[in-house]
Amino acid sequence: MVRVTTPGVRLLPNAITVLALCAGLSAVQFALTRNYGMAIASIGIAAVLDSLDGRIARLLDATSKMGAELDSLSDGISFGVAPALVIYVWQTGADRIGWVASLIFAVCMILRLARFNTLLDDTEQPPYASEFFVGVPAPAGGLLGMLPLVAYLQWGEGWWSSQYVVWAWTVAIAALLISRIPTLSLKTVKAPPKAIAPLLLGVALLAAAIIQFPLVALVVAMILYLAHIPYSIHRHRWLAAHPEAWTVPPRERRAIRRARSTRRLGLRPPLRRRVAGAAMRAVRLPRETARVPRGTSQNSNGQRRRTWRQIGLRRK
């Protein structure tokens, strides 16, 4: 079946990308007027719109080369240039080291996006590569770079708002952007039917937390994202070492992982159809040396046969 899309529908993903670009640039304007809360919100809106444009384009079969290039340029400005300028304006812009750190962050974001575009055309990657990003993705990196500002707005002055801490944090996030560290991609995560109701409940609780405590929820989300990186590295290494788990469903993959961990610990699978205690030792004895129970006898071949007492017959 051929899906027909009108020109207006094909324009929708690009329009969402342009809105994300406008939201990212608006963060700079809010920072210049010292409205840092709206600056953070603008970058958050840009991140939400960036996650929608690609999905909508694939659903409507409206993907195009122009849309891909526009999305990369929008990400570079919204999550690279805008956060760097917001942090620089927040730190009064009086320190030359601050400007160098801002430049490093923006350049690393552009390099990260350029590498992402080249990896899209790489056909020699293993099947499990689609489950990971190479380095921290652009929206997450843009929000992580603003973590000191979020902490400042929530708790005021502290060690997290010191200039040297802020610039060191900015450079560290820039290094994560261009690193080869694998991070999980939510695009390939599939929830089983039994987990739909708990996930919807979790979404409701998350929405309530964002409405009531937006800055605290953002800090917790960014800390959890950083905490998942060691697990992502472990999972990437495990998949690289187990080709048999590349194309199997998640349930079979978990079974393979449990079997491998059991062998590595030297454990045996659970015993079946065996009894415990002295009876188990008797079962494990060879037939030649095992004691013949009372009421049974052996023939010339050494096989046991049941007597009239075990059968329940009376001797005539």
> Which of parallel (below 30°), tilted (30 to 60°) and perpendicular (above 60°) describes Tyr88 and Trp167?
Replying inline: tilted

>> Please enumerate all residues that pass ring-ring contact (aromatic ring centres under 6.0 Å, His included) together with Tyr164, with sequence neighbours excluded.
In response: none

> salt bridge (charged side-chain N to carboxylate O under 4.0 Å, His left out): which pairs involve residues 214-237, sequence neighbours left out?
Replying inline: Glu131-Arg235

>> Would you say the rings of His242 and Trp238 are close, in the sense that their centroids are separated by under 6.0 Å?
In response: yes

> When clusters are formed by joining ILVMFWY residues with side-chain heavy atoms under 4.5 Å apart, either directly or through shared neighbours, do Leu103 and Met109 land in the same one?
Replying inline: yes

>> Quick check: closest heavy atoms across Ser185 and Ser130, and the distance to 0.1 Å?
In response: CB-O, 4.1 Å

>> If I compare all heavy atoms of Phe105 with all of Gly145, which pair ends up nearest, and what's the gap?
In response: CE1-CA, 4.3 Å

>> So, using ring-ring contact (aromatic ring centres under 6.0 Å, His included) as the criterion, who are the partners of Tyr152 when residues are at least two apart?
In response: Trp90

> So, for Tyr225 and His228, is the gap between ring centers shorter than 6.0 Å?
Replying inline: yes

>> Quick one, Asp53 and Asp50 - any side-chain contact, counting heavy atoms below 4.5 Å?
In response: yes

>> Testing the basics here: between Pro83 and Ser78, what is the closest heavy-atom pair and its distance to 0.1 Å?
In response: CD-O, 3.3 Å

> If you measure from CD1 on Ile43 to CG on Leu143, what distance do you get to the nearest 0.5 Å?
Replying inline: 7.0 Å

> Tracing side-chain links under 4.5 Å among I, L, V, M, F, W and Y, which residues wind up in one group with Leu25?
Replying inline: Leu21, Ile77

>> I'd like to know if the side chain of Ser162 reaches the main chain of Gly158, judged simply by a donor and an acceptor atom lying under 3.5 Å from each other, with no hydrogens or angles considered.
In response: no

> About how many Å separate OG of Ser26 and CG of Asn35, when rounded to the nearest 0.5 Å?
Replying inline: 11.5 Å

>> Do Ile40 and Leu153 have side chains that approach each other closer than 4.5 Å (heavy atoms only, starting at C-beta)?
In response: yes

For residues 175-184, run the donor-acceptor check on the side chains, cut-off 3.5 Å, and write out each pair with its distance to 0.1 Å, sequence neighbours left out.
residue: Ser179; atom: OG; partner: Leu176; partner atom: O; Å: 2.8
residue: Thr183; atom: OG1; partner: Gly135; partner atom: O; Å: 2.9

> Any side-chain heavy atom of Thr118 sitting closer than 4.5 Å to one from Arg115?
Replying inline: yes

> Are any non-hydrogen side-chain atoms of Val150 and Tyr36 less than 4.5 angstrom apart?
Replying inline: no

> Members other than Ile196 in its cluster, when Ile, Leu, Val, Met, Phe, Trp, Tyr link by side-chain heavy atoms under 4.5 Å?
Replying inline: Leu200

>> As an exercise, state the distance from CG of Leu19 to CG of Leu52, rounded to the nearest 0.5 Å.
In response: 11.0 Å

> Is there a chain of hydrophobic side chains (I, L, V, M, F, W, Y, each step under 4.5 Å between heavy atoms) that links Ile223 to Leu149?
Replying inline: yes

> Is the shortest heavy-atom distance from the side chain of Ile229 to the side chain of Leu226 under 4.5 Å?
Replying inline: yes

> If you look at every heavy atom in Gln154 and Leu215, which pair is closest and at what distance?
Replying inline: OE1-CB, 3.4 Å

> Between Val18 and Ile45, is there a shared hydrophobic cluster once you connect ILVMFWY residues whose side-chain heavy atoms come closer than 4.5 Å?
Replying inline: no

> So if you build clusters from Ile, Leu, Val, Met, Phe, Trp, Tyr with side-chain heavy-atom gaps below 4.5 Å, do Ile104 and Phe79 land together?
Replying inline: no

> Can you tell me if Thr33 uses its side chain to pair, donor with acceptor, with the backbone of Phe30 under 3.5 Å?
Replying inline: yes

> Are Met222 and Trp159 connected in a single hydrophobic cluster, I mean Ile/Leu/Val/Met/Phe/Trp/Tyr linked by side-chain heavy atoms less than 4.5 Å apart?
Replying inline: yes

>> Measuring from atom CZ of Phe213 to atom CG of Leu218, what distance do you get when rounded to the nearest 0.5 angstrom?
In response: 15.0 Å

> Which atoms form the tightest heavy-atom contact between Thr17 and Asp71, and what is the distance?
Replying inline: CG2-CA, 3.7 Å

> Do the ring planes of Phe133 and Phe116 sit parallel (below 30°), tilted (30 to 60°) or perpendicular (above 60°)?
Replying inline: tilted

>> If I take atom CD from residue Gln163 and atom CD1 from residue Ile87, how far apart are they, to the nearest 0.5 angstrom?
In response: 12.0 Å

> Does Gly24 offer a backbone N or O that forms a donor-acceptor pair with the side chain of Ser42 under 3.5 Å?
Replying inline: no

> Has the side chain of Ser74 got a donor or acceptor atom that lies under 3.5 Å from a matching backbone atom of Leu70?
Replying inline: no

>> Nearest 0.5 angstrom please: Leu239 CG to His234 NE2, how far?
In response: 9.5 Å

> Which heavy-atom pair separates Ala138 from Leu113 by the least distance, and what is that distance?
Replying inline: CB-CD2, 3.9 Å

> Heavy-atom distance under 4.5 Å between the side chains of Val86 and Met146, does that happen here?
Replying inline: yes

